[in-house]
2 protein chains.
Amino acid sequence: MTTPPAAPAVEKRDSPAGGKLSRERVLACALEIIDREGIERMSMRRLARALGHDPMSLYRYAPNKAALLDGVAETVLSELMVDSDDPDWKAQLRSVARQFRGIALAHPHVVPLLVTRPLATPLALRPLGTLRPLEATLALLTRAGFSAPDALHVYRALFGLLHGHVLNELQELVDNPDETDDLLRLGLHRLPLGEFPLLRGLASTLLSYDGVAELERGLDILLAGLTTAPP
Amino acid sequence: MTTPPAAPAVEKRDSPAGGKLSRERVLACALEIIDREGIERMSMRRLARALGHDPMSLYRYAPNKAALLDGVAETVLSELMVDSDDPDWKAQLRSVARQFRGIALAHPHVVPLLVTRPLATPLALRPLGTLRPLEATLALLTRAGFSAPDALHVYRALFGLLHGHVLNELQELVDNPDETDDLLRLGLHRLPLGEFPLLRGLASTLLSYDGVAELERGLDILLAGLTTAPP
DNA sequence: TCCAGGATGTCTACGTCGTATGCCTACAGC
DNA sequence: GCTGTAGGCATACGACGTAGACATCCTGGA
């Protein structure tokens, strides 16, 4: 109603034109926001603003916010490449582990999504992208002689280790946002001296965390355990 | 506006009287809500309503919602008892692991908090309750002959394993909310047959997940690895 | 006895969030 | 041309976290 005589539709068609949307574009932009600002600053409204569109348009590409976040997790996880045909299954598992660590470090803010979103969805209803690494790992292991159930156990052990390790390592990262040498010591100093003698003494060790070495040692233990005491 | 002539202020002064507040009462009630309804239904307003008070009163007991949630995590984690004087350190680590699993299963909705909240806080600034198990474990291990840095590595390996395992096991629980036998098979049936042959074949295995056994096997591997290849 | 000052709880208000509903526009196939 | 459909937009609702200004009560010193 009330079509005004002049002052027509300038400035209307330019700023909102973030160009055509697509699920990929939406997910990529969401990932970018999460990487840059953290997960809780990623709101539908902010995402829409970043895309130059109305918030409501996002709902053409995901039924709700949770699903959209699942999509982001799926995108990130689908970078994981499992070669089911590798004859050296141990080496392949190590490769998967290193890739997973790399992905986690590249997108630290997504890790909570990676490890906890599955808690909200029954396995069989998860996005296919997140099930593919599972199937591929099962294939790898059955080809290496494991029974299917044993392969599942190994998969669980491996990803248990991975999730745990990555959570550990990211904690260290947060502890060391910059040259936190002094900061950390300062923080530790706050601890009651009588109650935390050991922790207070570990300042320098805490500062020199080596994620690669830590993961490799975990893998050594796991793979050794798998051969000496098969599942 | 429009004060009705009769029907005055009944029902106003009785329900809000939740009695005196206290940090313990607030945290306990928050935990109850989380256990019952899940973490995202736990809002400051709902918590206040459950306590029969104004939302703002909660801010006398925690500077903000994140801190309150940290408090809940701390409460839950402080149930963990580490006996630093146990001469059998392996047995003690196993006990810690079993306790942790028990706690996680008792409060599944809190687990995301337990494993991811630390990501947001530098170690030295974490609530003391969450650092106490760490210090106690370090004490246990140094008494058993480990150097302090080695003890830290063992601690990390153990809790990495625990976090990973617990996340794994809870996924299985979600998969089996009831006698999901049919439900799971149905879900798996949805998977493209060509692409997920192994996963589809594992329905029965997925249904008979044994968390205790799975954790014990993980511990076997870890402890074996620790003695054959010390850190 | 009274009064000052802290601890505790409440009310109101602001800006942000997720998303239901309904409308508009542009184009596809007939 | 007409109609159906997909994509996008405007408006609106209820819930959220929390800042700031009060109110109430308890305590201990004068």
Side-chain angles (χ1 to χ4, degrees), chain A residues 1-4 7-30 33-34 37-73 109 113 117 120, chain B residues 1-3 8-30 33-34 36-72 109 113 117 120:
Chain A
M1 303 86 188
T2 73
T3 31
V10 188
E11 160 258 5
K12 192 77 169 287
R13 270 283 71 83
D14 245 352
S15 64
K20 205 137 177 29
L21 285 181
S22 74
R23 185 169 161 89
E24 290 72 40
R25 225 159 79 71
V26 168
L27 292 183
C29 189
I33 293 181
I34 294 175
E37 316 203 33
I39 226 166
E40 54 214 22
R41 314 264 326 226
M42 148 62 197
S43 71
M44 300 299 265
R45 296 167 121 107
R46 217 184 294 271
L47 175 55
R49 218 176 304 137
L51 287 164
H53 280 259
D54 185 273
M56 279 304 121
S57 46
L58 300 176
Y59 290 87
R60 301 278 169 192
Y61 304 98
N64 53 49
K65 186 184 179 184
L68 197 149
L69 290 179
D70 282 344
V72 172
H109 287 128
L113 242 52
R117 287 288 2 185
Chain B
M1 300 86 187
T2 73
T3 30
V10 187
E11 157 258 5
K12 190 77 169 287
R13 267 284 70 84
D14 247 350
S15 62
K20 207 143 176 23
L21 286 180
S22 74
R23 187 169 159 88
E24 291 70 42
R25 222 158 83 70
V26 169
L27 292 182
C29 188
I33 292 180
I34 294 175
R36 193 165 5 95
E37 316 204 34
I39 225 165
E40 54 214 22
R41 314 266 323 227
M42 149 61 198
S43 71
M44 298 301 265
R45 296 169 122 106
R46 216 184 293 270
L47 174 56
R49 217 177 304 135
L51 286 163
H53 281 260
D54 185 273
M56 278 305 120
S57 48
L58 301 176
Y59 290 87
R60 303 281 169 189
Y61 303 98
N64 52 51
K65 186 183 179 183
L68 197 149
L69 290 180
D70 282 345
V72 172
H109 286 128
L113 241 52
R117 287 290 357 192

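Naming convention: chains lettered A, B, ... in sequence-line order (proteins, then strands); numbering from 1 in each chain. Scope of the values below: all heavy atoms of this structure, side chains included, with no hydrogens, waters or symmetry mates.
Within 4.0 Å of A/Arg46, counting heavy atoms only, lie sugar-phosphate atoms of the nucleic acid but no base atom.
Checking D/dG8, D/dC16, D/dG17 against every side-chain atom of B/Arg49, the shortest atom distance belongs to D/dC16. Comparing C/dC11, C/dT19, D/dA10 against the side chain of A/Arg45 picks out C/dT19 as the nearest.
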What pairs of donor and acceptor atoms, side-chain ones from residues 63-71 of chain B against any protein atom, are under 3.5 angstrom apart with sequence neighbours left out?
unit_1  : atom_1 : unit_2   : atom_2 : d
B/Asn64 : OD1    : B/Ala66  : N      : 3.2
B/Asn64 : OD1    : B/Ala67  : N      : 2.9
B/Lys65 : NZ     : B/Met42  : O      : 3.1
B/Asp70 : OD1    : B/Arg117 : NE     : 3.2

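Judged as a salt bridge (Lys or Arg N to Asp or Glu O under 4.0 Å), and not counting sequence neighbours, B/Arg60 has no contacts.
The phosphate of D/dC16 (OP1 or OP2) has a side-chain N or O of B/Ser43 nearer than 4.0 angstrom.
Although no hydrogens or angles enter the test, the distance criterion places no donor-acceptor pair under 3.5 Å between the side chain of B/Arg45 and the main chain of B/Pro55.
Put simply, the side chain of A/Met44 reaches to within 4.5 Å of the side chain of A/Tyr59, judged on heavy atoms.
Going from atom CD1 of B/Ile33 over to atom CZ of B/Arg46 covers 7.5 Å, rounded to the nearest 0.5 Å.
Within residues 55-65 of chain B, the residues that have a heavy atom under 4.0 Å from DNA chain D are, in order of number, B/Met56, B/Tyr59, B/Asn64, B/Lys65.
Taking atom CZ on A/Arg25 and atom C1' on D/dG7, their separation rounds to 14 Å, with Å as the unit.
Of all non-hydrogen atoms in A/Leu51 and A/Cys29, the two that sit nearest each other are CD2-CB, 3.7 Å.
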